[in-house]
Chemist: 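Mind looking over this structure? Questions follow.
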Amino acid sequence: MTRVLHRHLHRKPPVAVGGAGMFLTDAEGRRYLDACGGAAVSCLWHGHPDVLAAIHEQVDRLAYAHTSFFTTEVAETLADELVRTGPAGTSHVYFVSGGSEAVEAALKMARQYFVEIGQPQRSHFVARRQSYHGNTLGALAVGGNEWRRREFAPLLIDVTHVAPCYPYRDLREGETPEAYGRRLAAELDEAIVAAGPDRVIAFVAETVGGATAGVLTPVPGYFRAVREVCDRHGVLLVLDEVMCGMGRTGTLHACEQEGVVPDLITIAKGLGGGFQPIGAVLAQRRLVEAMSRGSGFFQHGHTYLGHPVACAAALAVQRVIERDGLLARVRSSGTAFEAMLRARFGDHPHVGDVRGRGLFWGVELVRDRASKAPFDPAGQLHARVKREAMARGLMTYPMGGTIDGRRGDHVVLAPPFIAGNEHLGEIVERLAPAIDAAIASL
Ligand code: PLP
């Protein structure tokens, strides 16, 4: 009997009782190798002593102070750090408690910017299909995750959705990745023109697509072409790096590898590494200056903005990443992990694509490699893979609806940055039989 309204009303998940290093332990004493950081959250090892010490110290000193009365040293220091390490032009950080809140804040900040500069007619967002930006109503509206949106569609603001960058399925015969990227940017251009270029606030996209379609990495030049289209129409570029940011792809911000600077970046999961709930919006100077010259405040707010304990945890996580050179480690481990995944799944009859960057990988499962035909969605292959992997003591993040919100299955792998090659090898060795067993059970 449980009084917790769990994610699934007919299943109670195992009770987690401990976490140490790469493993979580349940009440039955079973250990689970963490191959996904939950949902790409846990970027350091579970129970990292430096982060725990920082949390303890902050709780003892000051657990909470409402931001309409006070700021705190720890929030100021964390903001300084994030501005120092952020893309050129980053001037301020808005702290929230998670990814959806970060996206909501970014949407409102983008809208307020245009009100402040005398363009209040801008009221429309353009985003991508097969994306995820969170489960609150604004974030769900810009998101293009069909199965998450369906029931709530009548409540959602009207958003134009364009194609994701999904070369495995959408690159045409004979088309180069660069030409494909230009084609997608042209589609965005058309969508903005159709919506009315002076009505559009922003284009919202995950720099590297996350859970919805299984880690979609952008083709070369795609985001530079997108930036150019946005600039031409005076439209802002909001990059959602809640999942792919904060080092997951080998650079602190995934957009660094694309050569673009967005107007707003949302971050969350890896910011606090799961030690505390925290998210943030990194804002470019011109947006903040517009609000400063205009109304003088950002018309938004939550009770737990800039929570001192969450900020202390995030500051400690980010200091460990810098001190221990973990970004370089993500890059080198990522190369090793890719080789292991390709060696194990490169010829697998039911793995259509292995894609990713750094320690962020997607494995797309198909019924038939030649035609790329997916499995029948009724079989819920992704759920079976998750079950089989858990039975083998492996946490992975599989999902269905890879192709269009209904068809397709994939597995997301996002191990903590401190994973050694022995852990990465173990992940692949446990995942392969889990996939085979799941398919055999269909
Ligand atoms: N944006 C992206 C890209 C995400 O992956 C997620 C969560 O998976 C969110 C936003 C929402 O974050 P949260 O679940 O912390 O609200």
Side-chain angles (χ1 to χ4, degrees), residues 7 36-43 94-110 125 127-145 147-149 152 156 159 161 164-165 202-218 223 237-249 253-255 258 262 264-282 302 304-305 307 310 313-314 317 356-362 382 395-402 405 410-414:
R7 284 175 181 251
C36 57
V41 177
S42 304
C43 54
Y94 189 78
F95 289 119
V96 291
S97 303
S100 303
E101 280 190 14
V103 171
E104 296 290 338
L107 299 180
K108 287 180 73 176
M109 202 181 289
F125 290 99
R128 300 192 297 188
R129 294 189 292 277
Q130 292 305 95
S131 62
Y132 182 56
H133 298 295
N135 260 332
T136 49
L137 292 177
L140 193 62
V142 287
N145 184 314
W147 63 265
R148 290 187 196 264
R149 298 176 99 248
F152 304 100
L156 304 179
V159 171
H161 288 99
C165 189
F203 176 55
V204 183
E206 292 159 272
T207 315
V208 175
T212 300
V215 188
L216 296 181
T217 51
F223 271 112
L237 177 61
V238 177
L239 289 185
D240 182 352
E241 299 210 353
V242 163
M243 190 175 258
C244 66
M246 302 317 287
R248 173 72 35 214
T249 66
H253 302 294
C255 59
E258 303 310 310
L264 296 168
I265 307 181
T266 53
I267 57 176
K269 298 171 189 276
L271 174 61
F275 289 91
Q276 286 286 296
I278 184 165
V281 182
L282 307 188
H302 295 290
Y304 296 119
L305 292 186
H307 194 284
V317 168
R357 205 175 268 182
L359 283 176
F360 195 33
W361 287 85
H382 56 96
M395 286 168 61
T396 61
Y397 203 60
M399 208 166 272
T402 316
H410 63 262
V411 183
V412 171
L413 300 169

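Note that the structure is a prediction, hence the values are computed from the model and not measured. Basis for what follows: all heavy atoms, side chains included, without hydrogens, waters or symmetry-related copies. We count ligands from 1, going down the list as the structure has it; atoms in each ligand are counted the same way.
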Chemist: With distance as the sole test, does Ser131 use its side chain to make a donor-acceptor pair with the main-chain N or O of Gly144 at under 3.5 Å?
Modeler: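 Present.
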
Chemist: Please test Glu258 against Arg357 for salt bridge (Lys or Arg N to Asp or Glu O under 4.0 Å), starting from the C-alpha separation and ending with a verdict.
Modeler: CA-CA 12 Å; Glu258 303 310 310; Arg357 205 175 268 182; 2.8 Å; yes

Chemist: Under 3.5 Å, is there a donor-acceptor pair linking the side chains of Ser100 and Asn135?
Modeler: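 The answer is no; no qualifying pair exists.
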
Chemist: Treating His410 as the side-chain partner and Gly401 as the backbone partner, does any N or O pair qualify as donor plus acceptor under 3.5 Å?
Modeler: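 Judged by distance alone, no pair lies under 3.5 Å.
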
Chemist: If you take all heavy atoms of Pro277 and Ala310, which pair is closest and at what distance?
Modeler: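 Shortest heavy-atom contact: O-CB, 3.5 Å.
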
Chemist: Can you list, by chain and residue number, every protein residue with a non-hydrogen atom closer than 4.0 Å to ligand 1?
Modeler: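 Gly98, Gly99, Ser100, Tyr132, His133, Gly134, Glu206, Asp240, Val242, Met243, Lys269.
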
Chemist: Show your reasoning for whether side chain to side chain contact (heavy atoms under 4.5 Å, CB included) applies to Leu239 and Glu206.
Modeler: CA-CA 6 Å; Leu239 289 185; Glu206 292 159 272; over 6 Å; no

